[in-house]
Amino acid sequence: MGLRDYIIRRILLLIPVMFGVVILIFGLIQLIPVNARVAVFVASGNPKELRPEVIQGLIHEHGLDQPVWVQFTDWLNQMLHGNFGWSEVHNSQVLQDLIIRAPATAEIVIISAPLIIFIGIFLGVISATHRDKPVDHISRVLSILGTSLPSFFFGVILSSIFIAQLRWTTSGRLNFVLEGQLLVDRSQGLYKSYTGFLLIDTLLNGRYNYFVDALAHLILPSVVLVFIQTAVLVRVTRSSMLESLSKTYIVAARAKGLSNKEVVNKHARKNALIPVVTLSGLMVGGMMTGLIITETIFRFPGLGSWAAQSARLFDIPVVVAYAMFSAIVFVLANLIVDILYAYLDPRIRLG
Amino acid sequence: METENIVEIKDLYLNFYTYDGVVKALDGVTLNIKKNEILGLVGETGCGKSVTSLSALAIVIPPGNIEKGQIVFHASNKNFDILSLDEKDLTKLRGRYISMIFQEPRAALNPVYTVGEQVAEIYFHHRKEEMINKVLTELEEDLKKASGLKRSIYKRDLSLYKKMLENPKSLSLRIYSKIPILRRFQNRMKKVAKKEIIELLKLLNIADPPRVVDMYPHELSGGMAQRVVIAMAIACNPYMLIADEPTTSLDVTVEAQILYQIKELQKKFNTSILYVTHDLGVVAEICDRVAVMYAGSVVELADVMTFFKNPTHPYAQSLLESIPRPGKKFVSIPGTVPSLVNPPKGCRFYDRCKYALEMCPTTKPKLLEVEKGHYVACHLYGE
Amino acid sequence: MSTKKGRFAELKKSMQPRIKEFKFTMSRVRKSPLSLAGLAIVLFNVCIALLAPVIAPPTQYDPFMIPRDEKLGWRYEPTGPSSTHLFGTTSLQVDVFYGCIWGTRFAFILGIEILAVIVIIGVGLGIIAGYYGGVIDEIIMRFTDIILAFPSLILAMAFVAALSRSGWTVLNAVILSIILVGWPGYARLLRSETLRVKSEDYVEAARASGASDLRIMAKHILPNSVYSMIIVLSLDFGTIVLTAAALSFLGLGAPPGYADWGRLIYDSVSWSSSGFRYWWTFTFPGIFIVLFVLGWNLLGDALRDVLDPLYRRK
């Protein structure tokens with residue numbers, strides 16, 4: 001079948017799923033009474049402050065008083081034009097907010113993801129190759145703990161220790177003072193926000209102390225995320241590696257005279273990593289979920305806290321937008337993982 | 001000291017430490033494989049024949065542990081005490097002096113690497129110098145004819161390969177091996193290896209070797225996969241080959257081909273073969289001598305003719321009797337193999353034996369020579 | 001045999017192999033320390049849940065509303081552990097001990113409610129999809145695909161928000177949302193188990209002897225999928241409670257003053273910014289959660305090691 005055909009097939013299969021996703025979200029929107037639903041369609045202006053006649057006008061305009069499919073097509077149309085509604089809670093355009101807040105979340109992810117992958121795989125492999133030795137026991141205990149420890153509890157504990165008690169850092173992206181200064185400087189044109197990524201922008205603007213501060217603020221949220229996700233990864237890698245090591249071709253490789261190191265690294269590991277790669281796709285979903293909680297605890301102004309706050313206050317346009325965003329990211333991640341899987345395992349590739 | 005044995009296993013005891021208790025898998029296994037012979041090792045599933053064969057390479061699968069015993073390997077004029085060698089020496093010995101082929105050929109091959117890559121492992125591990133020298137000769141030839149950019153590339157390759165011979169752990173070599181584009185210098189060696197591999201595969205009567213070299217194990221048929229595994233095993237012309245039920249999972253016709261192939265190779269290269277099987281038919285066809293194992297020890301050891309004409313141990317007799325023949329009534333051995341967690345103190349075949357004597361359940365019979373070259377472990381023929 | 005006694009004897013005889021299997025399983029469980037620990041923790045939690053009215057007698061109409069200490073009044077600041085309040089109090093003098101104990105009970109009730117519905121829907125649809133195949137299978141699988149395209153907490157959050165906005169009580173919305181997000185997993189599992197069992201010879205035999213579809217599904221497919229289902233169930237119990245707690249923590253769950261661990265931690269967040277000063281507000285509920293989920297995780301792991309048919313007979 002070849003890799004190319006496999007990729008094309010997988011992408012084609014995506015389409016009905018994405019369509020279904022959209023329909024599901026639409027169904028969700030339909031649950032809300034009509035008057036409240038308007039917010040999803042409003043392009044500007046807080047629906048709470050609009051006069052009843054204006055609201056009625058909007059209802060009519062977007063077909064909210066007409067059959068379902070009219071609403072649906074209108075809604076799709078709105079989204080394609082970048083109108084994801086207006087957030088009552090934040091009093092701003094949903095799409096705009098998403099774009100503004102995305103870099104903060106991305107920073108956490110970019111720092112955490114490589115750590116999770118490297119530490120997780122490393123510990124998992126070591127755990128399997130040194131079975132029942134101290135290293136194995138320690139990492140197993142840690143990983144059981146990690147999967148049982150709710151991220152919010154862990155986060156609250158870390159927050160109370162490091163932020164409240166020891167005062168090593170504060171919540172948010174930057175120190176209160178520095179943040180204020182940054183806002184002032186930006187409005188005066190002394191600070192240019194090139195990417196929205198603090199770690200990059202601060203360096204580009206030559207503000208090294210800001211860079212250090214931003215990094216310090218990223219540590220705690222990352223620790224929470226990394227600890228919990230790594231726990232899952234270690235378990236899966238370990239069991240996959242153990243299974244791989246029990247296969248006949250491992251004995252055969254040893255019988256060929258290959259050193260233990262070669263057998264483990266070259267033969268066992270490559271096979272073991274295949275299911276691990278598959279799991280990593282799901283982990284992306286786990287990270288997004290974890291971020292909601294982590295950002296809330298550390299008051300980190302990213303997408304996660306945005307979603308959490310909006311959900312709590314029942315701000316539907318934001319919740320809907322976030323749900324669709326997560327779905328798209330999740331589906332894409334799984335697609336990449338499937339392709340990677342086919343690339344690594346010739347049995348899938350060649351049928 | 002010239003002996004006629006190539007490998008001697010003396011009094012091997014092996015236990016498996018499992019959840020349900022200590023499984024005393026090998027209970028004093030003694031046997032010897034002579035030079036240039038094919039020794040069949042028969043027994044039912046679970047009698048310990050595979051474990052014994054793996055032990056000859058000092059490969060013990062956890063949770064197993066060799067408790068006692070000695071395995072001596074006589075090669076040219078040196079003797080090796082296999083069980084006391086360290087890992088480094090063992091890696092030099094395995095695959096080169098003693099090789100092994102397995103029951104499920106496609107399971108013995110790593111599914112994510114091609115045939116070529118896996119056979120090349122043998123060459124790069126055991127015959128590296130040979131390969132490098134071949135590359136060096138080739139490079140020097142090319143260097144004479146080259147000019148300009150090619151010339152400098154060849155010069156650099158030449159120095160790299162020379163370094164491989166002299167200082168394989170050098171830093172520059174390691175760097176070159178890791179970085180993608182610089183890695184290309186290894187292509188020459190791969191090409192040389194590929195040529196050798198194709199010749200090797202031809203020896204095993206594999207059709208269209210250049211195509212097979214780039215195939216993955218799951219694309220091969222059972223017979224072809226087994227030929228590849230055999231090819232890997234004989235690549236370095238080993239003194240001894242351990243064959244662990246290599247034809248059990250193959251079709252009968254393919255089995256016949258592989259058996260023929262093995263016999264031919266044995267004759268050509270004078271390799272000794274330890275052939276593990278549960279099929280007495282195969283034993284009759286290719287083996288010179290046969291050892292019968294039951295529940296962890298050797299109960300009879302004789303040359304094939306004598307064995308089939310005059311099986312002495314009660315278990316061996318029952319085995320031969322139970323071979324179904326048209327017209328004959330179906331006979332089976334009553335009872336089952338004893339639990340190896342709590343094995344009986346004496347002879348392990350006692351409770352199924354027709355001729356059980358008083359001392360059988362309490363004392364274990366030793367393997368004694370009853371006539372020249374014919375050993376039995378049974379109190380009927382004991383002291 | 002049509003006599004009552006005769007049929008009973010027959011039933012007992014047919015149960016013999018199952019009893020033997022069960023005894024073997026139990027002996028395996030007994031041998032592993034981690035599985036014993038898991039079992040112990042789970043049983044401990046069950047006891048607390050059952051004995052909640054005894055350990056912490058309710059004082060309100062709804063036993064799940066945590067009693068406030070009238071004597072301490074309406075003071076906002078939490079008070080520390082004392083003889084009257086073992087675990088101290090949190091905002092508005094809500095007793096933490098009561099909250100943790102009844103929280104256990106609440107966790108079980110919530111978990112059982114949600115899991116029961118998820119299992120019924122998921123197993124039902126899964127077996128149907130696997131057994132009948134074809135269009136039905138495709139439709140059901142598309143539904144699972146769509147729901148599984150979202151990270152579960154996020155979709156649950158969205159539904160809770162939407163349902164609450166349209167008049168549902170938040171708690172009911174949480175229950176429904178978790179059910180909605182949870183059933184596809186079981187549908188997928190049962191579908192693959194059904195496909196596996198379907199191809200076994202004894203199903204062919206049953207069909208050849210004229211057994212109806214329903215009978216085959218009930219008598220053959222279901223019992224043979226039970227093992228993998230049990231493993232997933234015990235791991236899931238912890239996950240579901242954790243998800244509900246997470247939602248509570250985000251403010252989407254139990255109302256204020258309710259005996260719910262997540263809610264207690266939500267209330268404690270503001271106090272955690274004072275460092276260790278009010279450590280009891282989040283530490284005790286947190287420990288209860290960890291213990292609960294840990295117990296089920298250990299049990300699920302142990303069950304997997306023991307029940308996985310591959311590992312049973314060494």
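In what follows, every heavy atom counts, from backbone to side chain, and hydrogens, waters and symmetry copies are set aside. Residue numbering restarts at 1 for every chain, and letters A, B, ... go by the order of the sequence lines. None of these values were measured; they are calculated from a predicted model.
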The interface call for C:Leu148 against chain A, heavy-atom contacts under 4.5 Å, is backbone

Okay, C:Ile265 and chain A: the region with an atom under 4.5 Å from a heavy atom over there is side chain

inquiry  = I'd like to check A:Ile328 versus C:Phe150 (side-chain heavy atoms, cut-off strictly below 4.5 Å). Are they in contact?
reply    = no

- Task: Would you mind reporting whether A:Thr289 and C:Ser152 have side-chain heavy atoms less than 4.5 Å apart?
- Result: no

d(C:Leu247 CG, A:Phe152 CZ) to nearest 0.5 Å is 9.5 Å

To the nearest 0.5 Å, atom CG of C:Leu252 lies from atom CZ of A:Arg312 at 8.0 Å

Honestly, the part of C:Phe249 sitting under 4.5 Å from a heavy atom of chain A is side chain

Bottom line for A:Thr147: the part with an atom under 4.5 Å from chain C's heavy atoms is both

Rounded to the nearest 0.5 Å, the CG atom of C:Leu250 sits from the CD1 atom of A:Ile292 at a distance of 7.0 Å

Side chain proximity check, C:Asp145 to A:Leu13, heavy atoms < 4.5 angstrom = no

dist A:Phe153:CZ -> C:Thr283:OG1 (nearest 0.5 Å) comes out at 5.5 Å

Bottom line for A:Val320: the part with an atom under 4.5 Å from chain C's heavy atoms is neither

Applied to residues 280-300 of chain C, the salt bridge (Lys or Arg N to Asp or Glu O under 4.0 Å) test, sequence neighbours excluded, yields none

Check: Given the rule in the side-chain contact (heavy atoms from CB on, under 4.5 Å) test, do A:Phe19 and C:Arg142 qualify, once you have shown the distances and angles that lead to the verdict?
Finding: CA-CA 11 Å; A:Phe19 189 63; C:Arg142 286 315 122 228; over 6 Å; no

Value for OG (C:Ser166) from CD1 (A:Ile316), rounded to nearest 0.5 Å, stands at 7.5 Å

Bottom line for C:Val269: the part with an atom under 4.5 Å from chain A's heavy atoms is side chain

Honestly, the part of A:Ile25 sitting under 4.5 Å from a heavy atom of chain C is side chain

Here the salt bridge (Lys or Arg N to Asp or Glu O under 4.0 Å) pairs for residues 153-169 of chain C, sequence neighbours left out, are A:Glu88-C:Arg165

Whatever's closer than 4.5 Å to a heavy atom in chain C on A:Leu31 counts as both

Turns out that what part of C:Phe292 lies under 4.5 Å from chain A's heavy atoms comes down to neither

Distance col, row A:Arg140:CZ vs C:Asp301:CG, nearest 0.5 angstrom, shows 8.0 Å

